[in-house]
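Data first, discussion second: the structure below is written as structure tokens.
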Amino acid sequence: MPIHNTDIADIFNKLANLLEIKEANQFRVRAYRNAASTISSLSKSAADMIEDSEDLTQLPGIGEDLAGKIEEIVKTGSLAQLTEIEKDVPANLDELMDIPGLGAKRARKLYEELGITSLDELKKAAESGKISEIEGFGQKTEENILEELKHGGEGEKRIQISVAEEYVIPLIDYLQDMDGVNQVEVAGSYRRRKETVGDLDILVTGDTHNRIIEYFIEYDEVDEVASKGETRSSIVLNSGIQVDLRAVSQGSYGAALLYFTGSKSHNVKLRNMAIDRDLKINEYGVFKDKERIVGKTEKEIYEILDLSYIDPELRENRDEVEASQKGELPDLVTLEDIRGDLQCHTKASDGHASLREMVEAAKEKGYEYLAITDHSPLVAVANGLDADGLAEQIDKIDELNSKINDFLILKSIEVDILEDGSLDLGDDILERLDLTICSIHSKFNLTEEKQTERIIKAMDNPNFNILAHPTGRRIGKRRPYEVNMERLMEAALERGCFLEVNAHPERLDLNDVYCKLAKEIGLKIPISTDAHRKDELENIKFGVWQARRGWLEKDDVLNTRNWGDLKNLLKRS
Ligand code: DGT
Ligand code: CA
Ligand code: CA
Ligand code: ZN
């Protein structure tokens, strides 16, 4: 059974967590976390690298020992060392560490004092008031735990789009390899580029439908065949991801694609429009009386309803049908429009590549500029730069800029916004930068009023250019802090500041709805990766997808411009 990079990263992360709970050497813990992060951001599969006899020790932070462990995981699907540790520490105890405010130490204490070994047990203990009785925990912690569990445990588990992509691409390749298969397309929320997907929906055309189904269920990553018919089947992959497949005929391909792309409410809207025209629309086509009049392509179906083609990212019933009727659909920004990246980290703080390596990678991507935005001192765990450290980096960048052609390294910083709205570095040093990115990494729990005031106060500083990851959420892990987004955007517009779309697949912050709000307010948006390694510059596509879902066009996105034009826009009024 093939092992994906995510599987390897999960094992290393689990190992790091359990070791931390066991109070193992911090250096070892960090080494496993770094390895997990290296593996999950690789652009190729570690299993393939091993099969091609590539040397894993060439990867940053991977020595002989870790390379051996990766091989063990790829070959056996597990790691003996982890199994060993799970004899001492309950395997799911580290889930507790995902609750903000509970680290390894507290997870350990909860286990020792109350025998808690999982989130379920944590919830029960909190509900019965046992947690506040433990020394060092208190009433407030207990309430906080209950509040977090309420938000975290909601609904079914959804998969980040980047993870879904990792599993769907090899499956598409597999399906395309079959003789007699024509088109293979992923529909559903994945095609709409939603930040998380519930399951994957695949459409296949080809001559013999039942043969396609037989071939599908023989995919070597199938854990369970949930259902199997003549033209459709559902499987669950070893990763737990469910995949629905439908074999459809060429004549109804467009209708099926439209139907299974959704969203459901977009479909309902189209169906009602069809009824108004005495037509019937379903996954086989558009019918007048009993006769199918169209069905081959999505475009011809939209045309029958007097609509122009609507991009999948827009199909959420958020006025896209009305815009299509009026000929006012946005011409969505594309990946090719992006000319540079405005947030990344280097080894100077918590990044894993040097300044030069990041610059070369950005140049290789065809970019014209890259802003280097290491952290400021407040983020001590990230080894943030103080004014002297930043001054040194400025000199290094000047020197490197003088040596490279057709590319500009922008001098910048990701400076923390302190609780009182002041910035973590002085104006003297910030004035020397090309742009300043500001963000919140502390005091997430302020009231909406206070959090909004805090950020607007920071924007009053004339050095403030871009608010990074504006709500601080981490998908499936940390909910957004409370802010009044409309007020923030209005304040940014008045002052000539901007709010970013952070393209990291776990953040995608601003989200689609906020992107659309920004557009309505007239605020332009930068899309930045926040890359901490070279490969993470590729995350830009997730940010572009989110921006597309938020109706953004090329002109709405800041970094589709050359530096000269961008610089003018960044000038504070
Ligand atoms: P997900 O999987 O939760 O991320 O979201 P979707 O949008 O992929 O939803 P899913 O997998 O349940 O169904 C795929 C598409 O099939 C959905 O977007 C629209 C279509 N569909 C499913 N059920 C219905 C339905 O009852 N009525 C209509 N009109 N369309 C449906
Ligand atoms: Ca789906
Ligand atoms: Ca489905
Ligand atoms: Zn960082």
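Each ligand, and each atom within it, is numbered from 1 in the order the structure gives.
Residue-ligand proximity, G198 to ligand 1, at heavy-atom distances under 4.0 Å covers atoms 1 (P), 2 (O), 3 (O), 4 (O). Ligand 1 places these atoms under 4.0 Å from at least one heavy atom of R192: 7 (O), 18 (O). Ligand 1 places these atoms under 4.0 Å from at least one heavy atom of N267: 19 (C), 20 (C), 29 (N), 30 (N). Listed by number with element, the atoms of ligand 1 under 4.0 angstrom from any heavy atom of V197 are 4 (O). Those atoms of ligand 1 with a heavy atom of D199 less than 4.0 angstrom away are 2 (O), 11 (O). Close approach to G188 involves these atoms of ligand 1, each under 4.0 Å from a residue heavy atom: 8 (O). If you number the atoms of ligand 1 from 1 as listed, the ones under 4.0 Å from a heavy atom of T261 come out as 18 (O). Against a heavy-atom cut-off of under 4.0 Å, D201 is close to the following atoms of ligand 1: 8 (O), 11 (O), 14 (C).
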side-chain hydrogen bond (donor to acceptor under 3.5 Å, both in side chains), that's the test. Do T38 and R533 meet it? Break it down for me. CA-CA 8 Å; T38 299; R533 10 181 122 253; 3.1 Å; yes

Please step through salt bridge (Lys or Arg N to Asp or Glu O under 4.0 Å) for the pair K516 and E520, ending with a clear verdict. CA-CA 6 Å; K516 192 154 185 260; E520 281 156 14; 3.7 Å; yes

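Of the residues L279, L270, L258, the one that meets the side-chain contact (heavy atoms from CB on, under 4.5 Å) test with V286 is L279. Of the residues listed (E316, E195, E320, E313), the one engaging R549 in a salt bridge (charged side-chain N to carboxylate O under 4.0 Å, His left out) is E316, and it is the only one.
Aromatic pair Y215/Y174: ring centres closer than 6.0 Å. For H345 and H532, the ring centers sit closer than 6.0 Å to each other.
By the 3.5 Å distance cut-off applied to N or O atoms, T196 is not counted among the residues near ligand 1. Residue R158 has at least one nitrogen or oxygen atom sitting less than 3.5 Å from a nitrogen or oxygen atom of ligand 1, judged on distance alone. On a distance-only criterion, S263 and ligand 1 share no N/O pair closer than 3.5 Å.
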Can you give me every donor-acceptor pair (side chain of residues 503-510, partner residue at least two apart or in another chain, under 3.5 Å) with its distance?
unit_1	atom_1	unit_2	atom_2	d
H504	ND1	E506	N	3.1
E506	OE1	K477	NZ	3.2
E506	OE2	R474	NE	2.7
E506	OE2	R474	NH2	3.4
D509	OD1	T471	N	3.1
D509	OD1	T471	OG1	3.1
D509	OD2	T471	N	3.0
D509	OD2	T471	OG1	3.2
D509	OD2	G472	N	2.8

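Here the shortest heavy-atom distance to atom 18 (O) of ligand 1, taken over G262, S265, S189, P312, belongs to G262.
M273 has its side chain within reach of L307: a pair of non-hydrogen atoms, C-beta onward, lies under 4.5 Å apart. Considering only heavy atoms from C-beta on, R318 comes within 4.5 Å of V513 through its side chain. Between H4 and S239 the shortest side-chain heavy-atom distance does not fall below 4.5 Å.
Residues S263 and R315 have side chains that never bring a donor and an acceptor to within less than 3.5 angstrom of each other. No hydrogens or angles considered: nothing links the side chains of T196 and Q160 as a donor-acceptor pair under 3.5 Å.
For Y259, heavy-atom contacts with ligand 1 shorter than 4.0 Å involve the backbone as well as the side chain.
Heavy atoms of K194 stay at 4.0 angstrom or farther from ligand 1.
Around the Ca ion (ligand 3), the protein contributes the following N, O or S atoms under 3.0 Å, ordered by chain and number: D199 OD1, D199 OD2, D201 OD1, D244 OD2.
For the pair R193 and Y190, the cation sits on the ring face: its NZ or CZ lies under 6.0 Å from the ring centre, inside 45° of the axis.
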